[in-house]
2 protein chains.
Amino acid sequence: MRIGAFSRRTGLSADTLRYYERIGLVPRAGRDAGGRRDYGEDHLRWMEFLDVLKSTGMRIEEMRRYVALRADGPETVPDRLAMLRTHRERVAAERARLLEVETVLDAKIALFQSVTDGSASPNALTCASTTSGHKESRT
Amino acid sequence: MRIGAFSRRTGLSADTLRYYERIGLVPRAGRDAGGRRDYGEDHLRWMEFLDVLKSTGMRIEEMRRYVALRADGPETVPDRLAMLRTHRERVAAERARLLEVETVLDAKIALFQSVTDGSASPNALTCASTTSGHKESRT
DNA sequence: ATACCAGTTGGAGCGCGCTCCAAGTCAAAC
DNA sequence: GTTTGACTTGGAGCGCGCTCCAACTGGTAT
């Protein structure tokens with residue numbers, strides 16, 4: 001599979017794919033007779049996994065490190081395991097934080113809802129939601 | 001409260017606070033006799049809420065819009081309510097996604113674990129985890 | 001043979017969200 | 001009244017993660 005087809009399969013632009021190879025985010029693809037990249041199914045699977053890491057906020061530097069370990073062979077599995085465990089915990093922590101944020105948003109939504117219902121006192125909003133609580137109007 | 005104290009309270013640099021005011025992410029603070037910003041408790045509460053939105057990926061542009069609505073007074077509460085509801089759903093969706101990712105990571109962790117245990121076949125790793133599955137070694 | 005187009009390279013540019021800087025102002029401390 | 005230092009402004013610069021570009025090459029189609 002050449003870069004155009006691979007780009008279609010992954011949804012990443014050819015430029016981005018070349019960039020990823022340049023910085024070591026994907027193992028260097030083999031080249032055909034004409035020097036063009038030749039991607040295989042293994043690359044496709046790696047890109048999918050990379051997307052998991054990327055979309056959960058892993059930094060490029062850390063992913064590079066993972067790729068480097070991967071290239072060093074099976075004896076680096078314990079290191080990769082440790083990285084994945086660390087990342088898994090980060091993801092779990094972030095998920096817990098999102099849950100907290102949802103309760104904050106829900107509280108605010110309930111407050112606004114009560115205001116639009118007309119079932120709240122006018123200054124129920126002064127708690128971080130309207131600007132003209134104190135002093136002059138601030139434009 | 002002047003910008004230095006406010007910076008300490010919020011954990012944001014004075015530069016960032018001025019930048020936020022410039023782009024309309026915080027309502028313009030009042031000025032004292034010498035033209036210096038004077039922040040109050042309402043600003044503090046706003047910064048906390050802003051942090052909630054920011055840390056859950058709301059774009060500056062959208063937060064600006066929210067601030068603008070806020071400055072327009074209580075009649076914009078329905079609009080703000082709609083924005084918060086939309087954002088709340090985004091956060092919930094993201095949280096669901098993180099949960100999925102955790103199961104992917106857990107699967108991979110379990111696989112690696114079984115390899116380090118020695119309880120797996122050598123080619124259990126060829127599924128997106130080692131690079132030398134096909135062809136030549138790719139460096 | 002010629003045209004075409006997908007690919008190659010290195011490097012410049014971009015959007016975001018800050019972060020830093022230079023030049024100037026003002027209130028308080030000495 | 002001079003120094004200090006926290007502040008003001010507008011604007012430049014930066015790190016990240018792409019994204020685009022110019023100049024070139026190599027296989028395929030006519």
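Quantities reported herein were computed from a predicted structural model and do not represent experimental measurements. To find a chain, count down the sequence lines: A is the first, B the second, and so on, and within it residues start at 1.
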Engineer: Under the side-chain contact (heavy atoms from CB on, under 4.5 Å) test against A/Ile3, which residue among A/Arg18, A/Arg8, A/Arg36 passes?
Structural biologist: A/Arg18
Engineer: Using whole Å, report how far CG of A/Leu25 lies from P of D/dT19.
Structural biologist: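 Spelled out: CG on A/Leu25 to P on D/dT19 is 14 Å.
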Engineer: C/dC16 P sits how many Å from B/Met58 CE, rounded?
Structural biologist: 16 Å
Engineer: With sequence neighbours excluded, tell me which residues meet ring-ring contact (aromatic ring centres under 6.0 Å, His included) with A/Phe6.
Structural biologist: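 Counting only residues at least two positions away or on another chain, A/Phe6 forms a ring-ring contact (aromatic ring centres under 6.0 Å, His included) with A/Tyr39.
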Engineer: Within this structure, what is the CZ-to-P distance between A/Phe6 and C/dT8, rounded to whole angstrom?
Structural biologist: 12 Å
Engineer: In whole Å, what is the span from the CD1 atom of A/Ile3 to the C1' atom of C/dT9?
Structural biologist: 12 Å
Engineer: Within this structure, what is the CE-CE distance for the pair B/Met63 and B/Met83, rounded to the nearest 0.5 Å?
Structural biologist: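 If we round to the nearest 0.5 Å, B/Met63:CE and B/Met83:CE are 10.0 Å apart.
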Engineer: Report, as yes or no, whether the 6.0 Å neighbourhood of atom CZ on B/Arg88 holds more than 12 heavy atoms from other residues, nucleotides or ligands.
Structural biologist: yes
Engineer: Between D/dG17, C/dT8, D/dT19, which nucleotide gets closest to the side-chain atoms of A/Arg59?
Structural biologist: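 When the side chain of A/Arg59 is considered, D/dG17 is the closest of D/dG17, C/dT8, D/dT19.
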Engineer: Can you measure B/Leu17 atom CG to D/dC7 atom P for me and round it to whole angstrom units?
Structural biologist: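 Going from B/Leu17 (CG) to D/dC7 (P), I get 11 Å.
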Engineer: Is A/Glu94 salt-bridged to A/Arg97, cutoff N-O under 4.0 Å?
Structural biologist: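 Answer for the salt bridge query: yes.
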Engineer: Does C/dC16 have its OP1 or OP2 closer than 4.0 Å to a side-chain nitrogen or oxygen of B/Arg64?
Structural biologist: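 For B/Arg64, the contact criterion (side-chain N or O under 4.0 Å from OP1 or OP2 of C/dC16) is not met.
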Engineer: Salt bridge between B/Glu61 and B/Arg64, side-chain N to carboxylate O under 4.0 Å?
Structural biologist: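 Salt bridge flag = yes for B/Arg64 with B/Glu61.
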Engineer: Can you pull every protein N or O that's under 3.5 Å from an N or O on nucleotides 11-13 of chain C?
Structural biologist:
from	atom 1	to	atom 2	distance (Å)
C/dG11	O6	A/Arg22	NH2	3.4

Engineer: How close or far is atom P of C/dC14 from atom OH of A/Tyr19, stated in whole angstroms?
Structural biologist: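 Answer to the nearest Å: 17 Å.
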Engineer: Any idea which of C/dT9, D/dC18, C/dT19 is nearest the A/Ile60 side chain?
Structural biologist: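 So the nucleotide nearest the side chain must be D/dC18.
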Engineer: Exactly one of B/His87, B/Glu62, B/Arg59 should register a side-chain contact (heavy atoms from CB on, under 4.5 Å) with B/Leu53. Which one does?
Structural biologist: B/His87
Engineer: Examine D/dC18: is either OP1 or OP2 under 4.0 Å from a nitrogen or oxygen in the side chain of A/Thr16? Give yes or no.
Structural biologist: no
Engineer: Examine D/dC18: is either OP1 or OP2 under 4.0 Å from a nitrogen or oxygen in the side chain of A/Tyr20? Give yes or no.
Structural biologist: yes
Engineer: Keeping A/Arg95 on the side-chain end and B/Glu102 on the backbone end, is there a donor-acceptor pair under 3.5 Å?
Structural biologist: no
Engineer: I want to verify a distance call: between C/dT9, C/dG7, D/dT9, whose nearest atom is closest to the A/Arg37 side chain?
Structural biologist: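 Minimum distance to the A/Arg37 side chain belongs to C/dT9.
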Engineer: State whether the side chain of A/Thr76 and the backbone N or O of A/Asp79 hold a donor-acceptor pair below 3.5 Å, judged by distance alone.
Structural biologist: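 Not a single qualifying donor-acceptor pair exists.
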Engineer: Rounded to whole angstrom units, what separation is found between the CD atom of B/Glu61 and the P atom of C/dC18?
Structural biologist: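 Going from B/Glu61 (CD) to C/dC18 (P), I get 14 Å.
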Engineer: Between the protein and nucleotides 23-30 of chain C, which nitrogen or oxygen pairs come in under 3.5 angstrom?
Structural biologist:
from	atom 1	to	atom 2	distance (Å)
C/dA27	O4'	B/Arg36	NH2	3.2

Engineer: What integer distance in Å separates B/Ile23:CD1 from C/dC18:C1'?
Structural biologist: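 Nearest whole value for this atom pair: 9 Å.
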